[in-house]
Structure formats: structure tokens, C-alpha cells
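Okay, structure first, notes after.
Note that these values count all heavy atoms, side chains included, but never hydrogens, waters or copies made by symmetry. Nothing fancy with the numbering, it's 1 onward along the sequence.
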Amino acid sequence: MLKDITYEYYESVDSTNDRIKERAHAGASSGLVISAGTQTAGKGRIGRRWESPKHDSIATSMLLTPADISLEAVPTITVVAAMAVRDAVYRLYGLDGKIKWPNDIVLGGKKICGILTEMEIRDGAVWYVVVGIGVNVHNESFDEEIAYKATSVDLELKRAGSEERGHRAELTKAIWESFKKYYNIFITTQDMSGLKKEYERNLANLGEHVRIEAQENSYEATALGINDKGELIVEVDGEQQIIRTGEVSVRGIYGYV
């Protein structure tokens, strides 16, 4: 179980995930959170770079040292983290985001966050897990290649007619508090059985047609929900298939969502 959360903040780091790894090797305890004003070498999924403009976005990572967690259960922590971001943004700002499977939070059809979970194995078992979260908060513009799918908390508040602005420290704390709540439900069973209904209530494209983009081919399917492992269940030509995290990209038929 995750009990205490300890926060540390730095103006600039190479990567909050890498800083957590260093501290894990030095014996840091579960629940350590490192956040930064900017990252010089932030990382996204599938080897992508995650941009962290100075003081515009949240860059934060947590150390977990779960006892006896299975290797198979670790990727599901990313799904749990997505629920935490969605919950925190809604509680603080009333922005009703949806989860684009497995871990993108979308507002107004665009992405506001990225999540990267990494782990290290020792003696054939999970030694520690790092959960890294990046959230666009004050960003007003984005590079051309991602502008079509990226947004921020401030942009969405403005679009909703609010004069309120996001607050990075406040949102960071709210995210990890929500994560603690969801993680402690998850870790008792090491699956999504206790969280699946809530996740599916907020799942973008639930019951709708999506495009499954694999390396070799792309095809259309109907999104049915998730299983206890957090994997996406789709229907193709009347038959159900399981889509596993990291294997493919799932998009809407007419755009990003």
C-alpha cells in the first residue's frame, strides 16, 4: 500500500524519472515525488521526447516499491495514473476529461498529458517502479507537429469561458493524492477489477468505432471496454480481440480521438 507522499521540487532536471531512479538506487522510500520547473531530457512513450517548457507544464515522477508485485501487473499502473490525472483535473477545475486508452487524458478532443511508467528488476523480481507524469498547464501554443492534438489546462478553461488559470503545484499535489487513492485499490488485487467501472465511464470512444494502427496494418474496430489487466477489448467482424498496451495506437475514425 502507498502510505506517505514526500515532495521535492527542482527548477531544472534532465528527467524526473531518471532522478527518481537515482534515488531508488540510493535507498529512497516508496512515495517519493520529484517535480521540476523544466526537464532538459524528458521522455515519453515508445522512446519519444516529452517537451517540458519552463514553468508552463508539470513534470513529476513518483517512486513505488510494491512488495511482490508481478511483472505482468506493472504496465497497468499506467492506466491507474491516467485515472488520477483525469480525477484531479476534474476536481480542481471542473474540466470533464476523457481517457483515450490507455493513458491519454483528452479535453476538447485534444491531449493534455503524457504518462511513462518504468521499472527495474532485481533477482528476477520487480525492485521498483517509476511513474512519470507530464501535464500541459499554462501552454498557449505547441509545435506544428503536435498542435492538432495538444491542449492545456489554461486553454481549456478559457474555451469553457472561465477566467481561472491552472496552478502547477496545486494540480501536482491533487494528482498524486488521487493516484494514492486509486493505486491502493489496484494494488490489493494487482488488477483493474476494483477500478474498471469508473475507468470505462470516462473512456473516450467507448462503444464507438476506432482505428487500430499497428506497424503492419490498420483496421477498424468497436471499442467495448477494458479487461482486468487494463487491456482494451474491441470487436472486429463480430469477434472480440484484446489490444495490449504498447502494441498499437488507438485513434478515432476521424481524428485523434
Test side chain to side chain contact (heavy atoms under 4.5 Å, CB included) applied to Tyr90 and Leu95, step by step: CA-CA 5 Å; Tyr90 180 70; Leu95 295 172; over 6 Å; no
Residue pair Leu92, Leu171: steps toward the side chain to side chain contact (heavy atoms under 4.5 Å, CB included) verdict: CA-CA 7 Å; Leu92 286 182; Leu171 182 54; 3.8 Å; yes
Ile243 vs Trp101, side chain to side chain contact (heavy atoms under 4.5 Å, CB included): CA-CA, chis, key distance, verdict: CA-CA 10 Å; Ile243 306 299; Trp101 183 87; 3.8 Å; yes
Stepwise side chain to side chain contact (heavy atoms under 4.5 Å, CB included) test for Met192 and Thr76: CA-CA 8 Å; Met192 290 293 290; Thr76 312; 3.4 Å; yes
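Residues Lys229 and Glu72 are in side-chain contact: their nearest non-hydrogen atoms beyond the backbone lie under 4.5 Å apart. Residues Val137 and Asp56 fail the side-chain proximity criterion, which asks for heavy atoms closer than 4.5 Å. A 4.5 Å side-chain heavy-atom check between Tyr93 and Arg165 finds every atom pair outside the cut-off. Considering only heavy atoms from C-beta on, Tyr7 stays 4.5 Å or farther from Leu32 through its side chain. Here the side chains of Val85 and Ile133 are in contact, with some heavy-atom distance below 4.5 Å. Ile69 is listed as a side-chain neighbour of Gln190, based on a closest heavy-atom distance under 4.5 Å. Residues Ile5 and Met62 are in side-chain contact: their nearest non-hydrogen atoms beyond the backbone lie under 4.5 Å apart. Residues Leu155 and Phe142 meet the side-chain proximity criterion, which asks for heavy atoms closer than 4.5 Å.
Around the NE2 atom of His138, the shell of radius 6.0 Å holds more than 12 heavy atoms that belong to other residues, nucleotides or ligands. Taking a 6.0 Å sphere around NZ of Lys181, one finds it holds more than 12 heavy atoms contributed by other residues, nucleotides or ligands. Environment of NE2 in His209: sparse, with no more than 12 heavy atoms of neighbouring residues, nucleotides or ligands closer than 6.0 Å. A 6.0 Å sphere centred on CG of Asn217 holds more than 12 heavy atoms belonging to other residues, nucleotides or ligands. Residue Glu145 qualifies as enclosed at atom CD: its count of foreign heavy atoms under 6.0 Å is above 12.
In this structure, CZ on Arg251 lies 11.0 Å from CZ on Arg211, to the nearest 0.5 angstrom. Of the inter-residue distances, the one linking Ser61 atom OG with Ile34 atom CD1 reads 7.5 Å to the nearest 0.5 angstrom. Distance check: Ser15 OG to Leu116 CG gives 8.0 Å after rounding to the nearest 0.5 Å. A distance of 10.5 Å separates OH in Tyr183 from OG1 in Thr188, rounded to the nearest 0.5 Å. Between atom CE of residue Met119 and atom CD1 of residue Ile77 there is a gap of 9.5 Å, rounded to the nearest 0.5 Å. Summarising the geometry, atom CD1 belonging to Ile187 is positioned 8.0 Å from atom CG belonging to Leu64; distances are rounded to the nearest 0.5 Å.
The backbone N or O of Gly230 sits less than 3.5 Å from a side-chain atom of Asn227, completing a donor-acceptor pair. A donor-acceptor pair under 3.5 Å links the side-chain atoms of Arg86 to the main chain of Gly97, judged by distance alone. Judged by distance alone, with hydrogens and angles left aside, the side-chain atoms of Lys158 form no donor-acceptor pair with the main-chain N or O of Glu163 at under 3.5 Å. Between the Asn139 side chain and the Ser152 main chain, no donor and acceptor come within less than 3.5 Å of each other. In this structure a side-chain-to-backbone donor-acceptor pair under 3.5 Å is missing from Lys98 to Asp104.
Side-chain contact annotation: Thr38 with Glu11, donor-acceptor N/O pair under 3.5 Å absent. For the residue pair Glu213 and Tyr219, no side-chain donor N or O sits within less than 3.5 Å of a side-chain acceptor on the partner. Residues Glu156 and Thr151 bring a donor and an acceptor atom of their side chains to less than 3.5 Å of each other. Side-chain atoms of Glu118 and Asn17 form a donor-acceptor pair, as typed in the model, at a separation below 3.5 Å. Side-chain contact, Thr189 with Asp191: a donor N or O sits under 3.5 Å from an acceptor N or O. Under the 3.5 Å distance criterion, with hydrogens and angles disregarded, a donor-acceptor pair is assigned to the side chains of Ser178 and Arg91. Judged purely by distance below 3.5 Å, without hydrogens or angles, the side chains of Arg168 and His55 never pair a donor atom with an acceptor atom. In this structure, a donor-acceptor pair under 3.5 Å is absent between the side chains of Tyr10 and Gln39.
A salt bridge between Asp228 and Lys196 is present, with a side-chain N of the basic residue lying under 4.0 Å from a carboxylate O of the acidic one. Electrostatic pairing of Glu120 and Lys21 does not count as a salt bridge here, judged by no charged N lying under 4.0 Å from a carboxylate O. By the 4.0 Å N-to-carboxylate-O rule, Arg23 lies close enough to Glu8 to be salt-bridged with it.
Following chains of ILVMFWY side-chain contacts shorter than 4.5 Å, one can reach Leu63 starting from Val13, so the two form part of one hydrophobic cluster.
Note that Lys100 lies in the cation-pi zone of Tyr256, set by a 6.0 Å cut-off to the ring centre and a 45° limit from the axis.
Checking Asn103, Ile185, Ile99, Asn202 one by one against Met83, the side-chain contact (heavy atoms from CB on, under 4.5 Å) holds for a single residue, Ile99.
When every heavy atom of Leu203 is checked against every heavy atom of Gly225, the shortest pair comes out as CD2-CA, 4.2 Å. The two atoms that bring Gly166 and Val153 nearest to each other are CA-CG1, 4.1 Å, heavy atoms only. Val257 and Gly109 make their closest contact through CG2-O, 3.5 Å (heavy atoms, listed as atom of the first residue, atom of the second, distance). For the residue pair Ser12 and Thr40, the shortest heavy atom distance occurs at OG-CG2, 3.9 Å.
Between Phe179 and Trp176, the angle of the ring planes goes over 60°, which puts this pair in the perpendicular group of the 30/60° scheme.
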